[in-house]
Peer 1: 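Have a look at this one before I ask anything.
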Amino acid sequence: MSESRPAEGPPTSSQDVAHNARVWNHWLGGKDNYPIDRKVGDHVTDMFPSIGEVARADRVFLGRAVRFLAGEVGVDQFLDIGTGLPTADNTHEVAQRVNPAARIVYVDNDPLVLAHARALLTSTPEGATDYIDADAHHPDTILRAAAATLDFERPVAVMLLGSLNFILDTDEAVDIVRKLMAAVPSGSHLVVTHPTTELGGEGNVEAMRFWNENAKPPITARSRAEFERFFEGLELLEPGIVSCARWRAASPTDELPPVVPQFGAVARKP
């Protein structure tokens, strides 16, 4: 991503409204964003200064979770929904470093993400990487398309990092997760991160209100109790539901990183 140029070409209207994938890219120090994304992103940072730490912690969590699943657990199939703009250490890069035969399907519905995905989300010769242009609100569409690359008779890691927060109705979000996990066999895993106003995130309330008035798609935070609902019927792995910054972040003798107001958890389907 360090060699990527600022986004060019989409209609002017795309550049007039900030979009999550591009603002997130800005918070991560990327260049694939427009002035409006940087303006809104910087204003959110002024209101909630730790948002950049949240973005970075979420990305580091992705790496830890994928390395754990591809290595210790032996999962070699990943369905990454709401992937966002490609950056360093994408899911397929982390997984295929551990197992070159790993197969990864990315899902997003942002045209800019699609353009970059086609160029950057390549694969090892032994494995496979595909991209689906689809919305997380339509899990059946995602599953049908993903079946061209993934074998749903074998375990799959379903990854929803920072994406369920764009499904505003909690019952609908829980139903989407249930449909996705119903389609994968025993031994599959669910990986989720989600913003919260708990864990020191109370200051994010006004920032989220500003976001919903000035950017898209709208976002919502969830409580621990609401977050727990995504894992009903699944076996939460240690250390359970924690700040994503601290999920298997250090050995007992190491200093743990600061807590960020973003839940993270990994669970296994029995």
Side-chain angles (χ1 to χ4, degrees), residues 17-28 37 40-41 43-45 47-48 50-62 65 79-85 87 91 106-110 113 134-139 142 158-181 190-232 234 241-247 259-267:
V17 179
H19 192 280
N20 174 71
R22 301 190 305 258
V23 175
W24 195 260
N25 175 264
H26 171 55
W27 285 331
L28 288 172
D37 304 310
V40 169
H43 190 82
V44 170
T45 300
M47 300 178 74
F48 187 59
S50 66
I51 189 61
E53 296 173 25
V54 172
R56 290 185 289 274
D58 189 270
R59 196 71 192 179
V60 173
F61 169 88
L62 180 152
L79 179 58
D80 188 341
I81 301 171
T83 179
L85 282 159
T87 183
T91 298
Y106 291 101
V107 182
D108 210 299
N109 67 336
D110 180 85
V113 173
D135 192 310
H137 288 85
H138 306 296
I142 291 171
V158 177
M159 303 182 60
L160 292 153
L161 273 62
S163 54
L164 290 170
N165 37 281
F166 297 111
I167 300 170
L168 303 186
D169 182 88
T170 298
D171 288 339
E172 181 182 7
V174 169
D175 187 56
I176 288 169
V177 172
R178 286 175 178 164
K179 287 180 178 179
L180 292 168
M181 297 309 295
L190 175 65
V191 184
V192 185
T193 61
H194 198 294
T196 181
T197 54
E198 300 174 7
L199 303 177
E202 295 82 2
N204 202 13
V205 174
E206 289 301 318
M208 284 188 174
R209 183 177 293 116
F210 171 82
W211 173 271
N212 290 343
E213 292 171 352
N214 293 276
K216 65 179 185 180
I219 191 171
T220 188
R222 288 190 167 98
S223 67
R224 181 187 179 91
E226 290 171 320
F227 185 75
E228 285 178 339
R229 292 186 60 194
F230 297 132
F231 301 95
E232 291 172 357
L234 305 177
I241 296 171
V242 294
S243 169
C244 69
R246 292 195 168 184
W247 190 87
V259 167
V260 298
Q262 179 101 329
F263 288 127
V266 179

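Below, all heavy atoms of this structure are taken into account, side chains as well, without hydrogens, waters or symmetry copies. Keep in mind that what you see is a predicted model, and the values were worked out from it rather than measured.
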Peer 1: Have Thr170 and Arg229 got a donor and an acceptor in their side chains that come within less than 3.5 Å?
Peer 2: no
Peer 1: Side chains of Thr196 and Arg224: does their closest heavy-atom pair fall under 4.5 Å?
Peer 2: no
Peer 1: Less than 4.5 Å apart, any side-chain heavy atom of Ile219 and any of Asn20?
Peer 2: no
Peer 1: What residues form a ring pair (Phe, Tyr, Trp, His ring centres under 6.0 Å) with Phe231, not counting sequence neighbours?
Peer 2: Phe227
Peer 1: For Glu226, give me all partners under side-chain hydrogen bond (donor to acceptor under 3.5 Å, both in side chains), at least two apart in sequence or on another chain.
Peer 2: Ser223
Peer 1: Considering non-hydrogen atoms only, spot the tightest contact between Ala136 and Pro139 and give its length.
Peer 2: O-CD, 3.8 Å
Peer 1: Rounded to the nearest 0.5 Å, how far apart are CE of Met208 and OG1 of Thr220?
Peer 2: 7.0 Å
Peer 1: Quick one: are Asp37 and Asn25 in side-chain contact, heavy atoms under 4.5 Å?
Peer 2: no
Peer 1: Phe230 and side chain to side chain contact (heavy atoms under 4.5 Å, CB included): which partner among Val174, Leu160, Ile176?
Peer 2: Val174
Peer 1: Indicate yes or no: at least one non-hydrogen side-chain atom of Phe61 is less than 4.5 angstrom from one of Val266.
Peer 2: yes
Peer 1: State, to 0.1 Å, how close Ser50 and Pro261 come at their nearest heavy-atom pair, and which atoms those are.
Peer 2: OG-CD, 4.4 Å
Peer 1: Atom NZ of Lys179 and atom NE2 of His138: how far apart are they, to the nearest 0.5 Å?
Peer 2: 10.5 Å
Peer 1: For residues Leu199 and Val260, report the shortest heavy-atom separation together with the two atoms involved.
Peer 2: CD1-O, 3.8 Å
Peer 1: Taking atom CE of Met181 and atom CG of Leu234, what is their separation to the nearest 0.5 Å?
Peer 2: 5.0 Å
Peer 1: For the side chain of Trp27 and the backbone of Ile51, is there at least one donor-acceptor N/O pair under 3.5 Å apart?
Peer 2: no
Peer 1: Listed by chain and number, what are the ring pair (Phe, Tyr, Trp, His ring centres under 6.0 Å) partners of His43, not counting sequence neighbours?
Peer 2: Phe210
Peer 1: Check side-chain hydrogen bond (donor to acceptor under 3.5 Å, both in side chains) between Arg246 and all other residues, then give those that pass, not counting sequence neighbours.
Peer 2: none
Peer 1: Closest approach of Phe263 and Glu198, non-hydrogen atoms and distance?
Peer 2: CZ-OE1, 3.6 Å
Peer 1: Considering only heavy atoms from C-beta outward, does the side chain of Val54 approach that of Pro195 to under 4.5 Å?
Peer 2: no
Peer 1: Hey, what do you get for OG1 (Thr197) to CG (Asn204), rounding to the nearest 0.5 Å?
Peer 2: 8.0 Å
Peer 1: How far apart are the closest heavy atoms of Ala215 and Val40, and which atoms are they?
Peer 2: CB-CG1, 4.3 Å
Peer 1: Please give me the minimum heavy-atom distance between Ala173 and Arg222, naming the atom from each residue.
Peer 2: CB-NH2, 4.0 Å
Peer 1: Apply side-chain contact (heavy atoms from CB on, under 4.5 Å) to Ile142 and Leu79, showing your working.
Peer 2: CA-CA 9 Å; Ile142 291 171; Leu79 179 58; 4.2 Å; yes
Peer 1: For residues Tyr106 and Val113, determine if any side-chain heavy atom of one lies less than 4.5 Å from a side-chain heavy atom of the other.
Peer 2: no
Peer 1: Please name all residues satisfying side-chain hydrogen bond (donor to acceptor under 3.5 Å, both in side chains) with Asp80, sequence neighbours left out, ordered by chain then number.
Peer 2: Thr91
Peer 1: To the nearest 0.5 Å, what is the distance between CG (Asp169) and NE2 (His137)?
Peer 2: 9.0 Å
Peer 1: Going by heavy atoms in the side chains, are Pro217 and His19 under 4.5 Å from each other?
Peer 2: yes
Peer 1: Of all residues at least two apart in sequence or in a different chain, which pass the side-chain hydrogen bond (donor to acceptor under 3.5 Å, both in side chains) check with Arg209?
Peer 2: Glu206
Peer 1: Name the residue from Ile81, Val191, Thr83 that meets the side chain to side chain contact (heavy atoms under 4.5 Å, CB included) definition with Leu161.
Peer 2: Val191
Peer 1: Nearest 0.5 Å, what's the CH2-OG1 distance between Trp247 and Thr193?
Peer 2: 12.0 Å
